[in-house]
Amino acid sequence: MPLKIASWNINSVRLRIDLVSRLLDEERPDVICLQETKCLEGQFPLSAFNARGYTNAAMTCQKGYHGVAILSRQPFAEIDRYRFGGKEDARHIAVVFGEGPAKGITLHNFYVPAGGDIPDPDLNPKFAHKLAYLDEMRSWTAAKPGAQTILVGDLNVAPLPDDVWSHKQMLGVVSHTPAETDRLLAIQERGGWVDAVRKNKPEPERVYTWWSYRSPNWELSDRGRRLDHVWVTGDLDATVGETSILKGARSWERPSDHVPLIANFDL
DNA sequence: ATGGTCGGCTCCCGA
């Protein structure tokens, strides 16, 4: 049975609901995971999702910042929220699917802290928070090894040398420092997670999901980073099909700085 | 540890 999941850091779901609708109409995923929704639950534009058959919603929200949501055409049997890193930030939501092809599968949607600009936990509390968050993710995945589990989201770390435009020049830049990449790879290893995107786009292919707003010539300079991820537990490895990164969405009107990821499964 | 541009709790802060 096919299952198609989309993940997108939308950077305000209210502002960009028409872009989300376009993605849903063009790609028709079964499930969409959003990060940085940036609104309270009562402000979430549910009607655009309901009109397209995404009548099941699980979200964790806070005013103005962060926020993650899972919208699905298939019902949920369970909804869970975890709070890592010693803050009450809205950065994680998980569901277990009830009926349908994904029945029994757990889906986690994460928005890992960006970490500020200075890659030193002693000088920058935001970077310390990010490292603490990643450390807690590792403890969490080691304590509770997943089965039949998919993890998606904006992990705000580009773990591999070919996940950035210049490994050498990025080693001191938050998102690609050894402190972060070591931690992300440790989470992967401890949890037995498989990087679904790299499974069919292996290194040394350069793969990016984010291009900064600060570069007016983002497409020409192509200084991207692979900050968004789809991971699966080892028992789902064989079910992973095509994954795609919809770079075209970065050129849509008033775009997010992240583009959607699509992952197909054959369950 | 350049500066650049976005979003929202908007003349600032987080990304």
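Bear in mind the structure is a predicted one, so any value in this text is a computation, not a measurement. Residue numbering restarts at 1 for every chain, and letters A, B, ... go by the order of the sequence lines. Side chains included, hydrogens not; waters and symmetry mates left out as well; all remaining heavy atoms used.
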Original post:
Tell me, for nucleotides 1-8 of chain B in 5' to 3' order, what letter each nucleotide earns: B for a base near a protein heavy atom under 4.0 Å, S for only sugar-phosphate near one, - for neither?
Top reply: B--BBSSS
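Distance, Asp89(A) CG to dA15(B) C1': 13 Å, rounded to whole Å. Atom CD in Glu36(A) sits roughly 18 Å away from atom P in dC13(B) (whole-Å rounding). The CH2-P distance, from Trp218(A) to dA15(B), rounds to 23 Å in whole Å. Between the CG atom of Leu155(A) and the C1' atom of dA15(B) there is a distance of 16 Å, given to the nearest Å.
Among residues at least two apart or in separate chains, salt bridge (Lys or Arg N to Asp or Glu O under 4.0 Å) pairs with a member in residues 52-71 of chain A are Asp25(A)-Arg52(A).
Spacing of C1' atoms, dC6(B) relative to dC11(B), comes out at 16 Å, to the nearest Å. Between dA15(B) and dG4(B), the two C1' atoms lie 13 Å apart (nearest whole Å). A distance of about 26 Å separates the P atoms of dG3(B) and dG8(B), rounded to the whole Å. Taking atom P in both dG7(B) and dT2(B), one finds a spacing of 24 Å when rounded to whole Å.
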Can I get a per-line list of side-chain donor-acceptor pairs under 3.5 Å for residues 239-248 of chain A, giving both atom names and the distance, sequence neighbours left out?
unit_1: Thr239(A); atom_1: OG1; unit_2: Leu236(A); atom_2: O; d: 2.6
unit_1: Thr243(A); atom_1: OG1; unit_2: Asn200(A); atom_2: OD1; d: 2.7

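Between Trp193(A) and His229(A), a ring centre-to-centre spacing not shorter than 6.0 Å is recorded.
Among the atoms of the strands shown, none is found under 4.0 Å from any heavy atom of Phe127(A). As judged by a 4.0 angstrom heavy-atom cut-off over every strand, His66(A) is placed among residues touching the sugar-phosphate backbone only. Nucleic acid contact for Arg250(A): none, since no nucleic acid atom lies under 4.0 Å from a heavy atom of the residue.
In terms of heavy-atom proximity, Leu160(A) sits nearest to Arg226(A) at CD1-NH2, 3.9 Å.
A salt bridge is defined here as a Lys NZ or Arg NE, NH1 or NH2 lying under 4.0 Å from an Asp or Glu carboxylate O, and Lys87(A) with Asp89(A) fails to meet this definition.
Arg91(A) has no side-chain polar atom (N or O) that falls below the 4.0 Å cut-off from OP1 or OP2 of dG14(B).
Ring geometry for Phe110(A) against Phe84(A) counts as parallel: the plane angle stays under 30°, on a 0 to 90° scale with 60° as the upper cut.
For the pair Ile262(A) and Lys4(A), the minimum side-chain heavy-atom distance is below 4.5 Å.
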